[in-house]
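First comes the structure, then the notes that go with it.
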2 protein chains.
Amino acid sequence: MKPVTARCDSVWSVATIRELARLCGVSPATVSRVFNNPEVVNAKTREQVLRTARQIGYLPNESARTLATKKSFMVGLLWDTDHRRPGWRHPFFQEILIGLKTALSGRGYHLLMLATSGEHTDDAYVRAARRHNLDGVVMIDSGTSDPSLRHLAESGVPCVSLDRPVQGPRATYVTSDNVGGARQAVRHLHEQGRQAIATITGPAHTRPGAERLQGYQEELALLRLPYRPEHVAEGDFYVTGGEAAMRRLLETDERPDAVFVAGDEMAVGALRAIAEAGLKVPEDIAVVGFDDIEVAALVPPGLTTIAQDKDGFGAAAAEALVSMINGADAPPARILPTTLVVRGSSTPSI
Amino acid sequence: MKPVTARCDSVWSVATIRELARLCGVSPATVSRVFNNPEVVNAKTREQVLRTARQIGYLPNESARTLATKKSFMVGLLWDTDHRRPGWRHPFFQEILIGLKTALSGRGYHLLMLATSGEHTDDAYVRAARRHNLDGVVMIDSGTSDPSLRHLAESGVPCVSLDRPVQGPRATYVTSDNVGGARQAVRHLHEQGRQAIATITGPAHTRPGAERLQGYQEELALLRLPYRPEHVAEGDFYVTGGEAAMRRLLETDERPDAVFVAGDEMAVGALRAIAEAGLKVPEDIAVVGFDDIEVAALVPPGLTTIAQDKDGFGAAAAEALVSMINGADAPPARILPTTLVVRGSSTPSI
DNA sequence: CATCTCGCTGTAACCGGTTTCATGGACCGT
DNA sequence: ACGGTCCATGAAACCGGTTACAGCGAGATG
């Protein structure tokens with residue numbers, strides 16, 4: 001017997017359905033119908049049941065309900081915030097989370113942030129998800145081992161992944177138009193008269209990192225600007241990585257006069273490195289970030305950035321998930337458009 | 001019949017305990033024991049059951065388990081992120097959330113972010129919490145109506161509230177030493193030679209708002225500095241409120257040479273208002289914030305601030321909760337110490 | 001009046017676990 | 001050979017809902 005086991009003799013969930021039924025002089029089945037199919041039960045009985053239920057504070061037990069119906073009205077969030085992998089302990093996802101919660105909440109679904117209960121195996125999350133009869137799953141940073149996740153996605157559970165493609169009968173993903181956004185950024189810098197446009201990328205193995213680099217390259221080509229490998233520095237999506245990457249860029253033979261940074265956190269680091277080098281933004285170097293997280297607006301001179309539709313992420317994820325839960329096939333991936341937000345870091349006029 | 005109801009014919013939760021039992025030629029009871037009291041079952045049978053379980057991918061159904069044991073290993077998060085009340089859609093709580101999740105996760109508890117399922121009554125959260133056999137509850141911004149929350153707290157469910165006192169047999173709260181922190185801030189400003197120290201407070205009806213004001217007043221008195229009501233401006237804990245409040249302070253007859261701002265978000269707004277007025281930080285006005293959220297380090301010239309122990313919040317909340325879940329009485333409130341973090345906004349030397 | 005329909009309700013099985021209690025056998029000492 | 005422990009296990013009730021199916025009475029129809 002585990003010593004941890006608790007004694008919880010509280011008034012937690014008082015009345016059962018049978019008790020309520022007895023008080024009303026009806027059968028449990030009728031009470032159940034009052035709550036699930038109100039229209040099939042006689043108006044008079046229905047009222048009486050509802051009244052009595054209110055009086056004794058009856059609340060249906062969701063575990064029992066889930067057991068019987070196999071619907072939990074819970075959506076799992078697979079998000080490694082701890083251990084080894086840096087995960088995405090990133091402000092962007094924190095900002096998304098609330099939107100996601102709100103969107104799901106509005107559709108009647110709870111959001112379960114799963115624990116791995118100590119067992120740090122690769123599929124701990126997946127196992128936890130399956131145990132709980134989750135109606136669906138949202139995955140943030142599916143850095144979690146691909147095999148087990150694929151297993152999850154392929155098992156038919158509705159899955160929505162953020163920023164990373166998944167395959168499965170009921171799986172889809174939502175992401176921003178990273179390529180297009182990067183191109184917007186480069187084009188904007190070019191329109192400001194910049195010629196030597198460098199970039200700081202995310203880790204190459206991440207999807208957004210790769211796509212934003214691709215957009216950068218595409219737009220350079222389109223604008224017939226030369227592509228210089230030494231003007232590409234890889235960061236880590238965080239401030240320090242951006243700072244380090246910027247320093248490297250500043251040491252190159254031909255110093256860039258603009259830099260597209262594939263994440264606002266890194267852009268803040270870049271700003272810092274530039275200031276440290278005694279250079280001015282935007283006069284000496286223009287900077288454009290990506291994400292439009294809160295700091296972007298707050299850090300002087302104001303960070304021009306490619307805004308991701310953060311509320312859109314949550315909304316799109318919730319919508320796709322719920323439609324699949326209701327039996328629809330997996331909708332195509334949602335690629336959310338990005339918006340250029342011009343602030344002081346790219347144009348002197350502001 | 002609701003049209004929303006879904007068809008989920010997937011391989012979700014395949015095998016039942018009886019099936020596994022049959023395959024092993026034992027009774028369901030034995031299988032159950034293998035997972036819950038491994039030591040009481042014969043080593044040989046145990047191994048065989050475990051092996052077979054692995055083979056067929058058996059996973060116990062948590063709903064059934066919860067139904068039988070009344071333990072869900074889930075902790076509810078009561079957090080109004082949406083509707084009317086501005087709630088605390090605040091970066092500080094986003095930063096805390098991850099710590100909380102991690103701390104609970106490490107102790108084997110899942111975190112359930114409850115939906116109010118459309119019914120925007122005051123006790124929607126409370127009702128939702130009770131239905132789910134939650135082992136405990138964490139409340140962020142208990143702006144949710146006091147009566148229903150009190151009901152919850154008094155019903156014996158382990159409750160931990162953040163930043164707001166609660167009463168109940170199994171209820172406690174964790175908060176920062178707001179009074180002490182505010183005093184640190186004022187003292188620090190005084191040590192920098194400032195004499196006219198103003199303050200921007202949080203909304204008066206919030207606990208942290210009130211306490212930080214109190215600390216400000218106490219320390220002024222201790223330092224024998226005059227208390228001027230016109231040097232107290234109320235903000236809303238967000239950037240815009242801080243900005244507006246600062247403008248008001250700048251219009252007062254005797255312009256302050258320092259300001260203690262009861263929240264970093266507001267402090268950023270204050271910095272902006274000061275810059276707008278053509279004044280310099282820290283030369284003309286020194287600024288000290290509260291929270292030490294991420295922006296504090298990033299906004300020039302660096303915001304001196306009173307750091308709250310964000311990881312400590314999550315850890316303390318999880319610890320208190322779990323101890324109560326395990327049957328302990330409510331531990332006394334945890335008042336976390338704050339730390340002065342000196343950056344450029346209060347001292348020219350840095 | 002017999003029968004058919006329809007609206008409402010009850011009976012009972014079931015969802016998938018846990019747990020109490022009883023039991024059977026092995027082993028021990030006398 | 002016998003009674004007493006102890007260990008390992010099984011039978012069955014239970015947790016609190018849902019739901020297929022059957023039944024019943026009232027009103028409509030032939």
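Lettering of chains follows the sequences in order, A, B, ..., and the numbering in each one begins at 1. Worth saying up front: this structure is predicted, and the values here are computed from it rather than measured.
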Taking the side chain as every heavy atom from C-beta outward, state whether B:L77 and B:L97 have any pair of such atoms under 4.5 Å apart. yes

With side chains defined as the heavy atoms from C-beta onward, is the minimum distance between B:L78 and B:I140 less than 4.5 Å? no

Over 12 foreign heavy atoms within 6.0 Å of CD, A:E19: yes

Can you confirm whether B:Q167 is buried at CD, in the sense that more than 12 heavy atoms of other residues, nucleotides or ligands lie under 6.0 Å from that atom? no

On the side chain of B:R65, is there an atom forming a donor-acceptor pair with the base of C:dG16 - under 3.5 Å, no angle test?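 In this structure, the two groups form no donor-acceptor pair.
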
What about A:R131: does its side chain form a donor-acceptor pair under 3.5 Å with the base of C:dG17? no

Value in whole Å for how far the [atom2] atom of [N] lies from [atom1] of [X]:
X      : N      : atom1 : atom2 : answer
B:R18  : D:dA12 : CZ    : C1'   : 10 Å
B:F35  : C:dG17 : CZ    : P     : 9 Å
B:H132 : D:dG16 : NE2   : P     : 16 Å
B:N37  : C:dT20 : CG    : P     : 10 Å
A:N133 : C:dC15 : CG    : P     : 13 Å
A:F73  : D:dG17 : CZ    : P     : 16 Å
B:N42  : C:dG24 : CG    : C1'   : 15 Å
A:E19  : D:dC15 : CD    : C1'   : 14 Å

Geometric class of the A:H132/B:H110 ring pair [parallel <30°, tilted 30-60°, perpendicular >60°]: perpendicular

Select base, sugar-phosphate, or nothing to describe what B:V31 touches, counting heavy atoms under 4.0 Å on all strands. nothing

Which part of the nucleic acid, if any, lies within reach of A:V26 when heavy atoms closer than 4.0 Å are counted: base, sugar-phosphate only, or nothing?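 It contacts sugar-phosphate atoms only.
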
Can you tell which of [options] lies closest to the side chain of [X]?
X     : options                : value
A:N61 : D:dA8, C:dG10, D:dG17  : D:dG17
B:K70 : C:dT9, C:dG17, D:dG16  : D:dG16
A:T16 : C:dT9, C:dG17, D:dG17  : D:dG17
A:A29 : D:dT9, C:dA12, C:dC15  : C:dA12
A:N36 : C:dG16, D:dG17, D:dT18 : D:dT18

Can a side chain N or O of [X] be found less than 4.0 Å away from OP1 or OP2 on [N]?
X     : N      : answer
A:S27 : C:dG10 : yes
A:T30 : C:dG10 : yes
A:K71 : D:dT18 : no
B:T45 : D:dT9  : yes
B:S32 : C:dT18 : yes
A:K44 : C:dC8  : no

Which is it for A:L104 and A:R107 under the side-chain contact (heavy atoms from CB on, under 4.5 Å) test, yes or no, and what are the steps along the way? CA-CA 5 Å; A:L104 284 173; A:R107 292 175 157 83; 5.6 Å; no

For A:I17 and for A:R33, locate the closest nucleotide of DNA chain D by heavy-atom distance; then report the residue assigned to the nucleotide nearer the 5' terminus. A:I17

